[in-house]
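Scope of the values below: all heavy atoms of this structure, side chains included, with no hydrogens, waters or symmetry mates.
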Amino acid sequence: MDRYDIVVIGAGHAGCEAALASARLGLRTLVTTLTRSSVALMPCNPAIGGTAKGHLVRELDALGGEMGRAIDDTLIQSRMLNTGKGPAMHSLRAQADKDAYQKRMMQALAQQPNLTLMETEIVSILAQDGRVHGVLTSDGNEIHCRAVIVAGGVYLDSRIIIGERSEPTGPMGLKRSSGLGDALRQMGFPLRRFKTGTPARIDASTIDYDQMQAQPGDEPIVPFSFMTDQTLTNRALCYLTYTTPETHRIILDNLSRAPMYAGTIRGTGARYCPSIEDKVVRFSDKSRHPIFLEPEGLNSNEWYVQGMSTSMPEDIQRLIYASVPGLGRAKILKYAYAIEYDCIDPTSLDATLESRDVRGLFFAGQVNGTSGYEEAAAQGLVAGVNAALQLKGEEPMLLTRSTSYIGVMLDDLTTKGVDEPYRMMTSRAEYRLSLRQDNADLRLTDIGHRVGLASDARLVRMQEKREQSMALEKLLRAKHLDEPLRRPDVTLADLSIAHPEFLDYSAAAREQAELAIKYEGYLTRQSAEIRRFEHAESQRMPDDIDYESIQALRIEARQKLAAQKPRSLGQASRIPGVSPGDISVLMVYLEKYKRDRIPSSR
């Protein structure tokens, strides 16, 4: 029997980060994949980052993850989004060379000590007395381990849907997982059915770029990784075009053949990433929708049509795409499709992403009901770190809403749950001015280093940035330049003309000092809000609390609290179905609980 400390099921973006994290923390790790061609695959858009998603990648990097470095090594165009808004909204997005990104992540796996990649299908998780002890492969081989991380992505009993046709396959026609979903059901995990989709791929030689608007990248490029030193360059253009009234007419005339409206699709789709037919129906007042043409790689003739995912039949797809300016003679190389798949209810997990009922069983990525490479990768790192820390007998890594976007996502998933594919958005973060993408290293590198994932070199670099920014901020105040810098029309670059000594500080330090002064009032108020939040989080709920016995709680609250077992009063307050009145009852209960456990002075 093969023996490992940790088995990671699935080698997508969640599985890669989970496996790398656990192996780097010294645990003997096996990561399995149905096919090697699915490792770190980008089956949807060939890009990393985006609004709020860029925050996740920079946080992942600050903790010691791989995605930020991998995209820096393989990007072909990069842009900072939302620069017309405040700094809390700024988010990086980089176009990847799809094949190069896969090879880069495969290389990371291959070169990592303590890590083995195996092509096999896991059909069952072996557990006894509420504790994981191994997995079973489709050929009957038992693999012994002490922890399992399920990172099955969208492969669990998945099916591809194009018009009236459906096939039992994974993304891009790859092999799907047929047995693991049933095994999870038998273990008591209720599964739900979600759906996502992807646009067609177009032959680059058949695109009329003259009818579109070129979309160049930013210069200079801001890297995703705080450890990237080399100068990055844009090597490709993207293009913008729009749907037309003819596009909308074709869609509306053929809605009866759309699987979403014909009832063929049973899974719940993402509200924030609708198909083109859904956009046309839901936003009937709009005469056009933006469409972005993006290359899949420098050596690929396939272009991705972002904003035009659909599951319409192939003959209708040809008409739809041909109605868009620049795509009149476009040749479709791969048709758009929808994919349905099984996922779990993440409220069955703790904030560490471990199952509350099966010790040593963790879940990460789209199997938890999320969408997106970035959300998956961030969960993978958290699951990998916490599985490793548990086996080493160390305290878990707990990220909260006040520390990171990752913490917001974890809390949303495990406390509130999901009824559609979850996507990270800046609006989900209450403290987003403090959780900017530019200060992810200042917020999280200490944590990553403490658990053993972030390197000494990374910690030193972060500390230098912190010290420089604090020193520059002090200097600006000493020169009484903080008041003029608070004006929206004054920048530190303007002040540096008369004070060239400011340029002795690094660009990163200058950015932090300027933001600290310019937004000082807002940040001070937010710090007070964070302290109140952290106080509520510090009010720990007893492990042995019997919610059913607290009669003052409403019945719904008793049921929800008993099912989710919140770790703190703060988390309890965010559980749907638990009212402010119920929280007041719990506060009284906690005070009495503490008094009853204070030893008598006699």
Checking Arg146 now: which residues fulfil side-chain hydrogen bond (donor to acceptor under 3.5 Å, both in side chains) with it, not counting sequence neighbours?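 For Arg146 the side-chain hydrogen bond (donor to acceptor under 3.5 Å, both in side chains) partners, ignoring immediate neighbours, are Asp5.
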
N/O donor-acceptor pair under 3.5 Å between [X] side chain and [Y] backbone:
{"X": "Asn386", "Y": "Met397", "value": "yes"}
{"X": "Tyr547", "Y": "Lys565", "value": "no"}
{"X": "Asn368", "Y": "Thr370", "value": "no"}
{"X": "Arg432", "Y": "Ala88", "value": "no"}

Surrounding [atom1] of [X] (heavy atoms of other residues, nucleotides or ligands, distance under 6.0 Å), is the total greater than 12?
{"X": "Tyr522", "atom1": "OH", "answer": "no"}
{"X": "Met187", "atom1": "CE", "answer": "yes"}
{"X": "Asp546", "atom1": "CG", "answer": "yes"}
{"X": "Lys286", "atom1": "NZ", "answer": "no"}

Salt bridge flag under 4.0 Å for residues [X] and [Y]:
{"X": "Asp438", "Y": "Arg436", "answer": "yes"}
{"X": "Arg443", "Y": "Glu59", "answer": "yes"}
{"X": "Arg574", "Y": "Glu537", "answer": "yes"}
{"X": "Asp342", "Y": "Arg193", "answer": "yes"}
{"X": "Asp182", "Y": "Arg185", "answer": "yes"}

State, yes or no, whether a side-chain contact exists between Cys44 and Tyr373 at a heavy-atom distance under 4.5 Å.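 Answer yes - side chains close enough.
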
So, do Glu395 and Leu389 sit near enough that their side-chain heavy atoms are less than 4.5 Å apart?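 Answer no - side chains too far apart.
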
Pairing donors with acceptors under 3.5 angstrom, does anything connect the side chains of Thr29 and Ser22?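 Yes, side-chain donor-acceptor contact under 3.5 Å.
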
Donor-acceptor side-chain pairing of Glu277 and Thr310 below 3.5 angstrom: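 Present: a donor and an acceptor within the cut-off.
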
Can you name the nearest heavy-atom pair linking Gly181 to Leu191, along with the distance?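 It is O-CD1, 3.4 Å.
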
Parallel under 30°, tilted from 30 to 60°, perpendicular over 60°: which one fits the rings of Phe194 and Tyr341?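 Perpendicular, since the angle between the ring planes exceeds 60°.
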
With sequence neighbours left out, write down each residue that passes salt bridge (Lys or Arg N to Asp or Glu O under 4.0 Å) with Arg24, or none if nothing qualifies.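 Per chain and number, Arg24 pairs via salt bridge (Lys or Arg N to Asp or Glu O under 4.0 Å) with Glu66.
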
Working for side chain to side chain contact (heavy atoms under 4.5 Å, CB included), residues Leu349 and Ile344: CA-CA 10 Å; Leu349 309 178; Ile344 70 163; 4.1 Å; yes

Whether Arg428 engages the ring of Tyr405 as a cation-pi pair (distance to the six-membered ring centre under 6.0 angstrom, angle to the ring normal within 45°) should be assessed.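 No, cation not above the ring by the 6.0 Å, 45° rule.
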
